[in-house]
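Structure first, then comments.
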Amino acid sequence: MIARVAALPREIRQYLLVTGNYWAFTLTDGALRMLVVLYFYGLGYSALEVALLFLFYEFFGVVTNLVGGWLGARLGLNRTMNLGLGLQVVALAMLLVPVAWLSVPWVMAAQALSGIAKDLNKMSAKSAIKTLVPQGAEGHQALYRWVALLTGSKNALKGVGFFLGGLLLTLIGFQGAILAMAVMLAAVLALSLSRLDGDLGRARAKPKFREMLSKSRAINILSAARLCLFGARDVWFVVALPVFLATQFGWDSWQVGGFLALWVIGYGAVQAAAPRITGRTAGRGAAIAWAGGLTTLPALIALGLQGQLLEVQPQVVLLGGLLLFGAVFAVNSSLHSFLIVRMARSDGVSLDVGFYYMANAMGRLIGTLLSGWLYLAGGLTATLWVSSAMLAATVLISLALPKEA
């Protein structure tokens, strides 16, 4: 097996390393998210307090993508990727303190490090793809397939992480789960340090710090659309949904983790298959059409939960609607991920990708905060109505994309 890998072209070997690195990180990230939500809610934290635990995770994701894109262009994507792995190990280690020390500020600080780590790793992986697509490949379609495969497989692993987090919490407890993940990720970091190319993604001309902000109107528009798109997902998915499943449906930790895991795995599978679903129509028109179709789904779920549609059990409305939402959202996400990599500059690709994922992180931050607050104020249906409004904004912003995008 090792001999076969060694015989592959350099670009393919590096792609496999980047993808494997990203997979391992994502597994721990998904598990940690579910562990924190379920463990601290079980300790008596309110939905808003649980949301606040992720405040710095999302906030520092905004900062990290912006600065990390600049660092990746100057220092190389291998260094930013490995730095992300190392910081995640430290963040996990911070949660191994005695339970009495796990105050809100301490957990928020650990989540801040985890947020920095996650976005360094993601920005590095997404940027690296543009530099690794083999010469002579069939242009945009090849790039679309590679980006969709990386993104889809990552999200499938994040779903496995959700399931793993719920299962480990049940089997070995919070700290046992944290320790196991820290040891696994440290081993991955050692492999990455020894095998990843040192000049991966480094720009020929060293960009200045002021060049972090995108100067491209098209990328600014796409970034704004991404902000609304991911805010629309996280406003009901991050805190409101798991808490609703636990309190209203009476599900145990492993049931909540298991269902959300299956959802994200299916979501990742659809993302990976997006090039086959959309065919060659992967530009501006496809992004607008798929976002438009997605806009109606949260509103329909909200109406169903309020009993204003057919007389259907709330479980059927919510779970069926969630599955449909996940499939359509996955195609939207893959289209956006492909468009940013295609539109990014070739030299210093991480600058544009970092700026774009800064907007992604800002959307997640807004969605996470709103998820806890709106759930307290109006329940799950309130988060769903806000989700539809944010998706409508995504469509309107996308109309301003250049026709050649």
Side-chain angles (χ1 to χ4, degrees), residues 17-37 39-40 53-65 67-69 71-72 75-97 102 106-128 150-151 153-165 168-169 174-196 200 238 264 350 354 357-358 360-361 364-365 368:
L17 279 169
V18 166
T19 302
N21 190 322
Y22 196 29
W23 281 356
F25 186 98
T26 300
L27 189 65
T28 65
D29 188 55
L32 181 60
R33 168 71 61 135
M34 192 56 56
L35 280 165
V36 169
V37 169
Y39 180 69
F40 286 95
L53 293 177
F54 297 102
L55 174 64
F56 285 165
Y57 176 93
E58 303 296 354
F59 172 76
F60 280 101
V62 176
V63 178
T64 303
N65 276 296
V67 178
L71 287 174
L75 305 177
L77 296 172
N78 66 310
R79 289 183 175 85
T80 51
M81 177 166 277
N82 290 331
L83 178 60
L85 279 171
L87 287 175
Q88 183 76 336
V89 173
V90 174
L92 290 167
M94 287 180 66
L95 298 176
L96 291 174
V97 298
L102 293 175
W106 182 262
V107 178
M108 288 176 73
Q111 287 295 295
L113 271 185
S114 184
I116 294 169
K118 184 261 294 183
D119 283 292
L120 279 174
N121 197 268
K122 180 171 75 172
M123 178 278 301
S124 302
K126 295 288 181 72
S127 299
L150 177 72
T151 305
S153 61
K154 181 269 294 186
N155 280 304
L157 262 292
K158 189 165 188 175
V160 175
F162 283 168
F163 173 75
L164 186 64
L168 289 178
L169 183 60
F174 182 76
Q175 291 196 316
I178 296 294
L179 178 60
M181 292 192 298
V183 171
M184 183 272 287
L185 207 59
V188 173
L189 173 60
L191 178 65
S192 182
L193 285 168
S194 65
R195 297 296 178 90
L196 205 58
L200 185 66
V238 171
V264 177
S350 63
Y357 281 106
M358 177 272 293
N360 183 100
R364 290 176 58 90
L365 172 62
T368 298

Could you give the distance from [atom1] ([X]) to [atom2] ([Y]), rounded to the nearest 0.5 Å?
X      : Y      : atom1 : atom2 : result
Leu32  : Gln111 : CG    : CD    : 5.0 Å
Gln175 : Leu92  : CD    : CG    : 12.0 Å
Leu120 : Phe25  : CG    : CZ    : 8.5 Å

> Is there a side-chain contact between Leu27 and Met184 (heavy atoms, below 4.5 Å)?
Replying inline: yes

Do you know the tightest heavy-atom contact between [X] and [Y]?
X      : Y      : answer
Leu185 : Ala24  : CD1-O, 3.8 Å
Ala91  : Ser114 : CB-N, 3.8 Å
Leu87  : Ala117 : CB-CB, 3.8 Å
Leu96  : Leu179 : CD2-N, 3.7 Å
Leu113 : Met94  : CD1-SD, 3.7 Å
Ala177 : Leu35  : CB-CD1, 3.8 Å

>> Can you list everything that forms a salt bridge (Lys or Arg N to Asp or Glu O under 4.0 Å) with Arg33? Sequence neighbours excluded, please.
In response: Glu58

> Is a side-chain donor or acceptor of Thr368 paired with a backbone partner of Arg364 at a separation under 3.5 angstrom?
Replying inline: yes

> Who are the ring pair (Phe, Tyr, Trp, His ring centres under 6.0 Å) partners of Tyr39, not counting sequence neighbours?
Replying inline: Phe174

>> My understanding is that only residues two or more places apart in sequence, or in another chain, count here; which of them pass side chain to side chain contact (heavy atoms under 4.5 Å, CB included) with Leu189?
In response: Asn82, Leu85, Leu193

